[in-house]
Amino acid sequence: MRKGILSIAAVAALSLGLTACGGESGETGASSSAAPASSAAAAKPGKIGVILPDSKSSARWETADRKYLEEAFKAAGVAYDIQNAQGDKTAFQTIADQMITGGVTVLAIVNLDSGTGKAVLDKAKAQGVATIDYDRLTLGGNADYYVSFDNTAVGKLQGEGLVKCLTDMKADKPIVAELHGSPTDNNATLFKEGYESILKPKYDSGEYVAGPADAVPDWDNAQAGTIFEQQLTKEPKIAGVLAANDGLGNAAISVLKKNKLNGKVPVTGQDATVQGLQNILAGDQCMTVYKAVKQEADATADLAIALAQGQKPAATGTVKDTETGADVPAVLLTPKAIFFDSVKEVVADGFVTKEELCTADFADKCTEAGVS
Ligand code: BGC
């Protein structure tokens, strides 16, 4: 339904007549390679490595990113290797070293923090490997490209979403708690900028009251529960929760449930995970932000393939690396807010299936929300 910014076909067409210097490929690597494309024009593009961050801070990395990246690489017939560092910075380095030694010509990473991300990017560059920051910008990292969503826009949608839900509930001077993402994730900084641009004027005018606000290290969902428990103890009248993703939102909802406050206190989220969407259907979560990861994976695959062929593909814009002041060539996609009535759009887009979402407990709500 939606398409990546550069289609794979367009990149292949671009490659006509260009001399590629991507290195060898087409080898079927142990776990994850696809047969090479048969196009006469397509130069052998070399192997593409991707390192995902973990599988706990959000369900998206294993359920969406891996799947869509694999589909895109397979469709293009390029060799690839996708691995997950499982939140371990040392493992992240080791995986990167192995990929570089193993001959990847392009490396895309979702960093665990900018410092360790930069170390990996520096090594890759020193070996002539092209680099892509996937989803998270590595500050000071000088990646060749950055592919993500407009993350400040994500935060704005969260802030506006919370305002909508509080308005619908006719909340009077609500006390709002905030659960920010990991302080080491540049995206968390951008999300916060986005939602504070909506909430701060309301705090300043006295329309809303700023309650407890804390960052959640490494987006750790379990820790988020403990943090929210403390927030609620400190401020029992919390009337709204700006949670930076569905995992943090679910942690807050679990605590609200224990206190019989779920459904009375709107909570935000992000990623349109099955759990987040079910929380919305149940009335416990106010909204989530849907990021069509297929678009992000397709755009990354298009760039990676062109880079592996020795080309210099066009980006659609730039983002500022706030550490170096450099403009990093970037592809930024558009996020969408999802409420009860629009849950069906996420299903229609193929991001989650009706089967996984509309399990027995949610069947009636699915019908009510028009999920088909
Ligand atoms: C991503 C979010 C994700 C979070 C935790 C962020 O960098 O943009 O989609 O929920 O990391 O993994």
Side-chain angles (χ1 to χ4, degrees), residues 50-69 84-89 92 108-114 116-117 132-139 141 143 146-158 161 178-195 215-225 227 242-252 267-277 279 285 287-297 299-300 319 330-338 346 351-352:
V50 181
I51 311 180
L52 300 174
D54 65 67
S55 45
K56 289 197 181 145
S57 64
S58 170
R60 65 168 284 186
W61 306 114
E62 284 300 325
T63 62
D65 297 85
R66 180 186 286 277
K67 177 179 83 179
Y68 290 124
L69 286 164
N84 191 316
Q86 301 299 357
D88 181 336
K89 288 166 197 164
F92 198 103
I109 65 163
V110 187
N111 73 54
L112 287 170
D113 64 39
S114 284
T116 57
I132 300 176
D133 269 333
Y134 180 68
D135 201 73
R136 298 178 181 165
L137 183 70
T138 303
L139 297 177
Y146 175 50
V147 181
S148 194
F149 285 80
D150 178 338
N151 293 306
T152 316
V154 169
K156 278 195 187 142
L157 293 176
Q158 294 172 318
E178 298 180 5
L179 285 173
H180 313 304
S182 172
T184 59
D185 179 352
N186 184 57
N187 285 347
T189 308
L190 300 173
F191 301 147
K192 182 164 181 266
E193 262 171 40
Y195 51 75
V216 179
D218 301 322
W219 295 91
D220 183 321
N221 293 192
Q223 222 177 315
I227 293 173
L242 191 307
N245 80 356
D246 285 354
L248 306 189
N250 187 63
V267 177
T268 63
Q270 168 179 193
D271 288 343
T273 58
V274 170
Q275 185 178 60
L277 295 170
N279 282 336
Q285 185 169 326
M287 59 87 70
T288 187
V289 178
Y290 173 46
K291 302 191 293 190
V293 173
K294 181 174 171 15
Q295 295 178 19
E296 194 177 15
T300 303
V319 292
V331 175
L332 291 189
L333 303 156
T334 306
K336 188 172 193 316
I338 299 294
V346 183
F351 189 70
V352 300

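Throughout, residue positions are numbered sequentially from 1 according to the sequence presented. For ligands, and for the atoms within them, numbers begin at 1 and follow the listed sequence.
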Side-chain contact, heavy-atom cut-off 4.5 Å: Asn187 with Gln270?
-> no

Using side chain to side chain contact (heavy atoms under 4.5 Å, CB included) as the criterion, list what pairs up with Asp113, not counting sequence neighbours.
-> Lys89, Thr116, Thr184

Taking the side chain as every heavy atom from C-beta outward, state whether Phe149 and Tyr290 have any atom pair closer than 4.5 Å.
-> no

For ligand 1, the residues whose heavy atoms come within less than 4.0 Å (ordered by chain, then number) = Ser57, Ser58, Arg60, Trp61, Asp135, Arg136, Asp185, Asn187, Phe191, Trp219, Asn245, Gln270, Asp271, Lys291

Please work out which of the three classes, parallel, tilted or perpendicular, describes the rings of Phe191 and Trp219, given edges at 30° and 60°.
-> perpendicular

Would you name the heavy atoms of Trp61 and Ser58 that are closest together and state the gap between them?
-> CD1-O, 3.6 Å

Glu296 side chain near Tyr134 side chain, heavy-atom distance below 4.5 Å = yes

